[in-house]
2 protein chains.
Amino acid sequence: MTQLSDSIEDSVISAILGGRLRPGTRLGEAKLAEVYGVSRTRVREAMMRLETRGIVHVSARRGWFVVEPSATEARAAFQARRVIETGMLRDLHTLPGDAVAHLRAHVEEEREALHSGHVGSRTCLLGDFHIHLAHAFGNAFLTDILRDLTARTTLVSMLYQSDQDAAASSDDHAGIVTLLADGDYAGAARLMDEHIRRVEDGLDLAAAPDPLAGLREILSPGAPA
Amino acid sequence: MTQLSDSIEDSVISAILGGRLRPGTRLGEAKLAEVYGVSRTRVREAMMRLETRGIVHVSARRGWFVVEPSATEARAAFQARRVIETGMLRDLHTLPGDAVAHLRAHVEEEREALHSGHVGSRTCLLGDFHIHLAHAFGNAFLTDILRDLTARTTLVSMLYQSDQDAAASSDDHAGIVTLLADGDYAGAARLMDEHIRRVEDGLDLAAAPDPLAGLREILSPGAPA
DNA sequence: CGCACCAATCTTGTATACAAGACTGTTGAG
DNA sequence: CTCAACAGTCTTGTATACAAGATTGGTGCG
């Protein structure tokens, strides 16, 4: 509600979307309070809101942690996105006049980020596409739900070492926009279904998430070719 | 998180689902604290969680209120339910063995409540059907989302004087279960779409919500035939 | 008699203090 | 040298105190 709490929440969410916050990262109340220049009370409020949104969880008297979705939760998150996003497209009759142009511009941004090689903004933009699409659909509830769900699937990708091809994703996005421009909403829904399945299939959900992944990466002297 | 907070949240939600809490009702922190025998801190936590779930909202220094969805929000809530519930059914391949039996039993309960004339439990059961269906689908995220969305549409129905025929709704539910039993998931999805549209169409969304509805009802000596 | 202004009361907003539990590092026995 | 027990430190959990604003009821002026 309060301006500052919102900015803590948004700040955490966007750090996740941008890949700057990894699953399992500890978020100490005192530390955050200092960073944002507020008291612990406000931080706790923001954390509790994020908890009900499924972004962080609290371990009693140990601290707040960015969630680490299990394989089951990961599958459920992708399934939820598939259900909602394809359902949205199938329900579509018309799109606001400027929506296609906006989405096209977004895909163009993805392309640029892809070429420039900024991993952070690339990840962020690939997630943002879906949020923008939801926004174009014009249902605020679904947009909010998808934002949180997208944050979760981003965490899943980090956790299960997605080898997803960012270029392929961006191609899918471009394809979806083309179909939307043609008014072929059913086709867009089908492609969206395939797209999300592709991303999910790119994950190694069989591999138990390695709680030491972060440490390993830091400690490995060079990339083990 | 905490047991007690959860029970405050659940208690408010179920009061809404059962029609005991009307939209616009004020929920004072002090009052709730006394009722639940906890301190204001816990009550505030629960309220803030309910706020991020879209069930209550806070008016600065005035108190917490059960949300009163605008006509736009009402439409969005129904649309969201339609998108998600039909999307779910369309995505369905198989159903757990006992799911159909459970749903059938639930519809039977609806029937009984219908005949016995308990308005509260009737409303509650009609909403619960959709939540049970989501549960059978087996996606915890979607179940949670639909629970909150159902609470919202229940509030909408109260606010916009739904003249929905409970018997017709229950018939729709029965029809959906029959189609599910036959494995005709696409047909179930179609019927669900019609069903939710029917409920939405039963609302008088054109009529501005009357902020005095509660008062009027209380003060009217008899039903103005 | 009507209306504007003001004081008293009530309610939430925020910070802070203290309690309770978890973790870490040390120390001492075997 | 290894391991278990323990004390110290750190972190969250919860209550409470006080500040800030909103509402209500009263009062006096026009």
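Predicted model, so just to flag it, every value in this text is computed and none were measured. Below, chain A is the first sequence line, B the second, and so on; all start at residue 1.
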- Query: If you measure from the Lys or Arg side-chain nitrogens to the Asp or Glu carboxylate oxygens, is any gap between A:R147 and A:D144 under 4.0 Å?
  - Reply: yes
- Task: Take the protein atom NE2 of B:H57 and the nucleotide atom P of C:dG13, then report the distance between them rounded to whole Å.
- Result: 12 Å
- Task: Report the distance from atom CH2 of B:W64 to atom P of C:dC10, rounded to the nearest whole Å.
- Result: 22 Å
- Has A:T41 got a side-chain N or O lying under 4.0 Å from the OP1 or OP2 atom of C:dT14? no
- Item | Integer-rounded Å distance: D:dT12 C1' and A:E45 CD | 16 Å
- Message: I need the CG-C1' distance between A:L32 and D:dC10, as an integer number of Å.
- Response: 16 Å
- Query: Is there a donor-acceptor contact under 3.5 Å from the side chain of B:H173 to the main chain of B:H130?
  - Reply: no
- Measure from NZ on A:K31 to P on D:dC10 and round the result to the nearest Å. 11 Å
- Item | Atom-to-atom span, CD of A:E29 to C1' of C:dT14 - whole angstrom | 15 Å
- Message: Can you work out whether A:R62 or B:R62 has the more 5'-proximal nearest nucleotide on DNA chain D?
- Response: A:R62
- Atom-pair distance (CE on B:M47; P on C:dG13), nearest Å: 12 Å
- Within less than 4.0 Å of OP1 or OP2 of C:dA15, is there a side-chain N or O belonging to A:R40? no
- Is the closest basic N to carboxylate O distance between A:R197 and B:D91 below 4.0 Å? yes
- Query: Does A:R26 make a side-chain N or O approach to OP1 or OP2 of C:dA22 shorter than 4.0 Å?
  - Reply: no
- N or O in side chain of B:R44 less than 4.0 angstrom from C:dG13 OP1/OP2: yes
- Note on the structure: When rounded to whole Å, the CZ to C1' distance for the pair B:F65 and C:dT12 reads 11 Å
- Message: Quick test of your reading of the model: are A:R152 and A:E73 salt-bridged, counting only N-O distances below 4.0 Å?
- Response: no
- Look at the side chain of A:R61 and decide which nucleotide, out of C:dG13, D:dG13, D:dA15, has an atom nearest to it. D:dG13
- Looking only at N and O atoms, is any donor in the side chain of B:R42 or the base of D:dG13 less than 3.5 Å from an acceptor on the other one? no
- Is a side-chain donor or acceptor of A:R26 paired with a backbone partner of A:R62 at a separation under 3.5 angstrom? yes
